[in-house]
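What follows is one structure encoded as structure tokens, with my remarks underneath.
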Amino acid sequence: MSKSSMIHRYKWYELIGIYAGILLFLTFVLAPFAEGFLVSLKPLSQLFSSPYRFIPENGSFAAYRTMWTSVPGFGWYIFNSFLISGVSTIIVLILVVPAAYAFARFEFRGAGLLLGAFLAVNMFSGAVLLIPLFRLMRSFGLLNTYFAMIVPGVAFLIPSGIWLLRTYMIRIPKELDEAAFVDGASHFYTLRRVILPIAMPGITVVAITTFIGSYAQQFIYALTFNSKTEYMPLPVGLFAYFGRQEVVWNELMAASFVGIAPALVVIFFLQRYLVSGLTAGAVKQ
């Protein structure tokens, strides 16, 4: 059934309601980003003018040029954020792929209990475990290093990654494994040569969600476990910007958008893999 025939199933007033709901949802989601971008274009004198103007008058990209000097080390903060997120994503994938394969293919005692424990981990906020994590990082000598921000992030991202990839691997027919075993292949060879190529859409979803999750949770760990500027990620670098006597809001908004722009570009080019990975297996062929 084509998309056009599916759309024609709705009456005109139902379509109006559907598109109105989508428009309302997008308005609430995108309005803060639109306002933040317009603030970055406004001169500082217009930010607190009365009456308030949503559209900037004589707007310019001057704040995007001056914020590089207003936020010292801004480029290094972006590098640190991507380094932490990238290394966390690689570690999570290395651990999640074989674990998800084991939970999807093998039946062993305590599997359900372990999966439930993984799910329970995601119910805890990282802030609740900051003190025990701080003591643990200090005992291993990881404070004021990249690993002080990578290790806790990886620990909290692995459970959701296992659940996502396990669900995808369950949909892969077991007959493929059996055919490989008949030919004398080991479990590791089957995973590497048979399952991984088929599971790449699911692995891509896990990689993207892990990268976004790691990028989003850097603030709390970096603020607690790191005090050195050379290891500081972007969220903490922008937070330090608030410590000044006067906050230049247009430059702060410009720095925020420049900081998230590379991540948005990555997501934009990988979104088709994300959509295909989330919907793969939803319809039985």
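With rounding to the nearest 0.5 angstrom, the CG atom of Leu23 is 13.5 Å from the CD1 atom of Ile18. Note: Leu157 CG to Leu95 CG = 11.5 Å, rounded to the nearest 0.5 Å. Atom CD1 of residue Ile150 and atom OG of residue Ser85 lie 9.0 Å apart, to the nearest 0.5 angstrom. One finds the CG atom of Leu115 at 5.0 Å from the CH2 atom of Trp163 (value rounded to the nearest 0.5 Å). To the nearest 0.5 Å, atoms OH (Tyr189) and OG (Ser186) are separated by 9.0 Å. Note: Phe134 CZ to Thr224 OG1 = 8.5 Å, rounded to the nearest 0.5 Å.
Ring-plane geometry between Phe106 and His187 is classed as perpendicular, the angle between the planes exceeding 60 degrees on a 0 to 90 degree scale with a lower cut at 30. Ring orientation note: the planes of Tyr221 and Phe156 are close to parallel, at an angle under 30° on the 30°/60° scale.
Residues Leu238 and Ser256 have side chains in contact (heavy-atom distance under 4.5 Å, counting atoms from C-beta outward). Side-chain contact between Met169 and Phe103: absent, with no pair of heavy atoms (C-beta onward) separated by less than 4.5 Å. Side-chain contact between Phe219 and Val236 is present, with at least one heavy-atom pair separated by less than 4.5 Å.
With hydrogens and angles left out, the side-chain atoms of Tyr101 and Asp177 include a donor and acceptor closer than 3.5 Å. Ser40 and Glu251 are not linked by any side-chain donor-acceptor pair at a separation below 3.5 angstrom, with hydrogens and angles left out of the test.
Criterion: ILVMFWY side-chain heavy atoms under 4.5 Å apart, direct or through other members. Under it, Leu83 and Ile94 are not part of a common hydrophobic cluster. Hydrophobic clustering (ILVMFWY, side-chain heavy atoms < 4.5 Å, transitive): Phe61 and Leu252 are in one cluster. Following chains of ILVMFWY side-chain contacts shorter than 4.5 Å, one cannot reach Phe33 starting from Ile212, and the two form parts of different hydrophobic clusters. Ile90 is not connected to Leu196 by any chain of hydrophobic side-chain contacts under 4.5 Å among Ile, Leu, Val, Met, Phe, Trp and Tyr, and they are in different clusters. One hydrophobic cluster, built from ILVMFWY side chains closer than 4.5 Å, holds both Val29 and Ile22.
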Passes side-chain contact (heavy atoms from CB on, under 4.5 Å), Phe108 versus Leu114? Steps please.
CA-CA 11 Å; Phe108 54 91; Leu114 281 174; 4.2 Å; yes

Run Met67 and Val258 through side-chain contact (heavy atoms from CB on, under 4.5 Å) and show every step you take.
CA-CA 10 Å; Met67 60 92 184; Val258 171; 3.5 Å; yes

Give the C-alpha distance, both sets of side-chain angles, the deciding distance and a yes or no for side-chain contact (heavy atoms from CB on, under 4.5 Å) between Ser60 and Leu41.
CA-CA 5 Å; Ser60 68; Leu41 300 180; over 6 Å; no

Just do the side-chain contact (heavy atoms from CB on, under 4.5 Å) check on Leu130 and Phe225 with the steps written out, would you?
CA-CA 9 Å; Leu130 279 180; Phe225 306 141; 4.1 Å; yes

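For the residue pair Pro235 and Tyr215, the shortest heavy atom distance occurs at CG-O, 4.5 Å. Listed here is the closest heavy atom pair of Pro98 and Leu191: CA-CD2, 4.2 Å. Looking at every heavy atom in both residues, Ser88 comes nearest to Thr210 through O-CG2, 4.3 Å. For the residue pair Ala207 and Thr89, the shortest heavy atom distance occurs at O-CG2, 3.7 Å. When all heavy atoms are compared, the tightest approach of Trp249 to Val39 is O-CG1, 4.2 Å. Of all heavy-atom pairs spanning Gly259 and Ile78, the tightest one is CA-CD1, 4.2 Å.
No more than 12 heavy-atom neighbours from other residues, nucleotides or ligands sit within 6.0 angstrom of CD1 on Ile131. Enclosure of atom CD in Glu107 is not indicated, since only 12 or fewer non-hydrogen atoms of other residues, nucleotides or ligands lie within 6.0 angstrom. In the displayed structure, Phe188 atom CZ is contacted under 6.0 Å by at most 12 heavy atoms of other residues, nucleotides or ligands. Within a 6.0 Å radius of CZ in Phe181, more than 12 heavy atoms belonging to other residues, nucleotides or ligands are found.
Residues Phe82 and Phe211 place their aromatic rings such that the two centres sit under 6.0 Å apart. When ring centroids are compared, Tyr77 and Phe74 stay outside the 6.0 Å threshold. Under the 6.0 Å cut-off for aromatic ring centres, Phe147 and Phe140 do not qualify, their centroids lying 6.0 Å or more apart.
Side-chain N or O atoms of Glu35 include none that pairs as donor or acceptor with a backbone N or O of Pro32 at under 3.5 Å. With hydrogens and angles disregarded, no donor-acceptor distance shorter than 3.5 Å links the side chain of Gln218 to the backbone of Leu234. Side chain of Arg166 to main chain of Arg105: no donor-acceptor pair is present (N/O by atom type, distance under 3.5 Å, no hydrogens or angles). Looking at Asn80, its side chain does come within 3.5 Å of a backbone N or O of Met232 through a donor-acceptor pair. Judged by distance alone, with hydrogens and angles left aside, the side-chain atoms of Ser139 form a donor-acceptor pair with the main-chain N or O of Leu136 at under 3.5 Å. Trp76 places no side-chain N or O within donor-acceptor distance of the main-chain N or O of Pro233, the cut-off being under 3.5 Å. At least one donor-acceptor pair under 3.5 Å links the side chain of Trp68 to the backbone N or O of Tyr64. A donor-acceptor distance shorter than 3.5 angstrom exists from the side chain of Asn250 to the backbone of Lys42, with no hydrogens or angles considered. Judged by distance alone, the side chain of Asn226 and the main-chain N or O of Lys228 form a donor-acceptor pair under 3.5 Å.
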